[in-house]
Amino acid sequence: MKIATWNINGVKARIDTLLAWLKESNPDVVCLQEIKSVDEGFLRADIEAMGYHVETHGQKGFNGVAILSKIRPDEINRGLPGDETDLQSRFIEAVFSVRGGVVRVCSLYLPNGNPVDTEKYPYKLSWMERLHAFAESRLALEEPLILAGDYNVIPQPHDCWDVKVWQNDALYLPQTRQAYRRLNNLGFTDAIRATSDGQDYTFWDYQAGCWPKNFGIRIDHLMLSPEAADRLVSTGIEKHVRGWEKPSDHVPVAAEFAFAV
DNA sequence: ATGCCTACATACTGTAGA
């Protein structure tokens, strides 16, 4: 079972790119972020025609997440628990039946947090606290769980092209990385780091020629519960998609698992 | 230098992203 995550930066602007990628990559489950669309505006017809179920948690203008899947989910939950006043659409969870049990997949879009001297950074940290609490409760189920998405966290120095550029940024500040490590230390496995210790960027800014200069960062992650990590076969960062016409600034990150459908 | 790009909203410019 191939599970991928991709911040597509607008489904309306990216629909042709998304369809081309689905055809080429053939994932079983896709976690999308930044669909920038309300649920009823999500361009689902062509995706469904390719055999995917479509579940969205949208928002007007920005944010918005979705899960596409070849098998029908048994259960869908929208929104990250822990704050009823938070109206931003950044989290959706799907539960799938596989042989011998279930697989639980979450598509998350963690807040950016910049500028750090505004309310945006405390919002990021509190969102990470809520994610930690959610993850802890789900781990108690002892199920295969994949928390996939745009974390807006550069975990370690070698996950960016120049630490000096990022050291004061919300994506890299010590508090940000500490919160990420706290989550990881609950017992998760970072799928990319479990299979590679190289340069594994997932985002290249549109500006200043970052892509041709390979000035990238690794901020899109798949965090695996022990039960999911035990079934991890391989991973892939589909970097070539960044070179396509009208690309997102993020590329798809995928992991293959030994789950029998 | 706080922009350099890109997407979106519904307006010819501002907000947001990272």
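A note on names: the letters A, B, ... follow the listed sequences, proteins ahead of strands, and every chain is numbered from 1.
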Expressed in angstrom and rounded to an integer, what is the separation of N114(A) atom CG from dT15(B) atom C1'?
15 Å

Grab the CH2-C1' distance between W166(A) and dT2(B) for me, whole Å please.
13 Å

Through direct or indirect side-chain contacts below 4.5 angstrom among Ile, Leu, Val, Met, Phe, Trp and Tyr, which residues connect to L32(A)?
W6(A), I8(A), V11(A), I15(A), L18(A), L19(A), W21(A), L22(A), V30(A), I35(A), F42(A), L43(A), I47(A), M50(A), Y52(A), V54(A), L68(A), V241(A), W244(A)

Distance in angstrom units between D249(A) CG and dC4(B) P, rounded:
17 Å

Find the distance F62(A):CZ to dC8(B):P and express it as a whole number of Å.
13 Å

Applying a 4.0 Å non-hydrogen cut-off, can you work out what N7(A) is touching in the nucleic acid: base, sugar-phosphate, or nothing?
sugar-phosphate

Quick one: list whatever passes side chain to side chain contact (heavy atoms under 4.5 Å, CB included) with A179(A), sequence neighbours left out.
M128(A)

Taking only residues two or more places apart in sequence, or in another chain, which ones meet I76(A) in a side chain to side chain contact (heavy atoms under 4.5 Å, CB included)?
E55(A), P73(A), R78(A), I92(A), A94(A)

Could you work out which one of dA18(B), dA16(B), dA9(B) sits closest to the side chain of F203(A)?
dA18(B)

K60(A): what forms a side chain to side chain contact (heavy atoms under 4.5 Å, CB included) with it, not counting sequence neighbours?
V38(A)

Rounded interatomic separation in angstrom, taking CG from D117(A) and C1' from dT2(B)
12 Å

Whole angstrom is fine here: how far is it from CD in E34(A) over to C1' in dT15(B)?
13 Å

In whole angstrom, what separates I154(A)'s CD1 from dG17(B)'s P?
16 Å

All side chain to side chain contact (heavy atoms under 4.5 Å, CB included) counterparts of A194(A), not counting sequence neighbours:
T189(A), L232(A)

Applying salt bridge (Lys or Arg N to Asp or Glu O under 4.0 Å) to R193(A) and not counting sequence neighbours gives D159(A), D200(A)

Which value, in whole Å, describes the distance between the P atoms of nucleotides dA1(B) and dT13(B)?
26 Å

For R104(A), salt bridge (Lys or Arg N to Asp or Glu O under 4.0 Å) partners two or more places apart
E93(A), E143(A)

I'd like the P distance from dA18(B) over to dC8(B), given in whole Å.
14 Å

Is F215(A) touching bases, backbone alone, or none of the nucleic acid, heavy atoms closer than 4.0 Å?
nothing

Taking CG from N63(A) and C1' from dT15(B), how many angstroms apart are they, rounded to a whole number?
12 Å

Sorted by number, residues from residues 120-131 of chain A placing a heavy atom under 4.0 Å from DNA chain B are K120(A)

Contact class for N152(A) (heavy atom, under 4.0 Å): base, sugar-phosphate, or nothing?
sugar-phosphate

Table of protein N/O atoms under 3.5 Å from nucleotides 5-7 of chain B N/O atoms:
from	atom 1	to	atom 2	distance (Å)
dA7(B)	OP1	R14(A)	NH1	3.2

Separation between OG of S37(A) and CZ of F62(A), rounded to the nearest 0.5 Å
13.5 Å

Does dG17(B) have OP1 or OP2 under 4.0 Å away from a side-chain N or O of H250(A)?
no

Can the ring centres of F134(A) and F91(A) be said to be less than 6.0 Å apart?
yes

R218(A) side chain N/O closer than 4.0 Å to the phosphate oxygens (OP1, OP2) of dA18(B)?
no

When all nucleic acid strands are considered with a 4.0 Å heavy-atom cut-off, which category describes D150(A): base, sugar-phosphate, or nothing?
sugar-phosphate

Taking dT15(B) as the reference, what is the distance to dT10(B) when you measure between their P atoms (whole Å, please)?
14 Å

On the ring face of Y109(A), is R90(A) found with NZ or CZ under 6.0 Å from the centre and within 45° of the axis?
yes

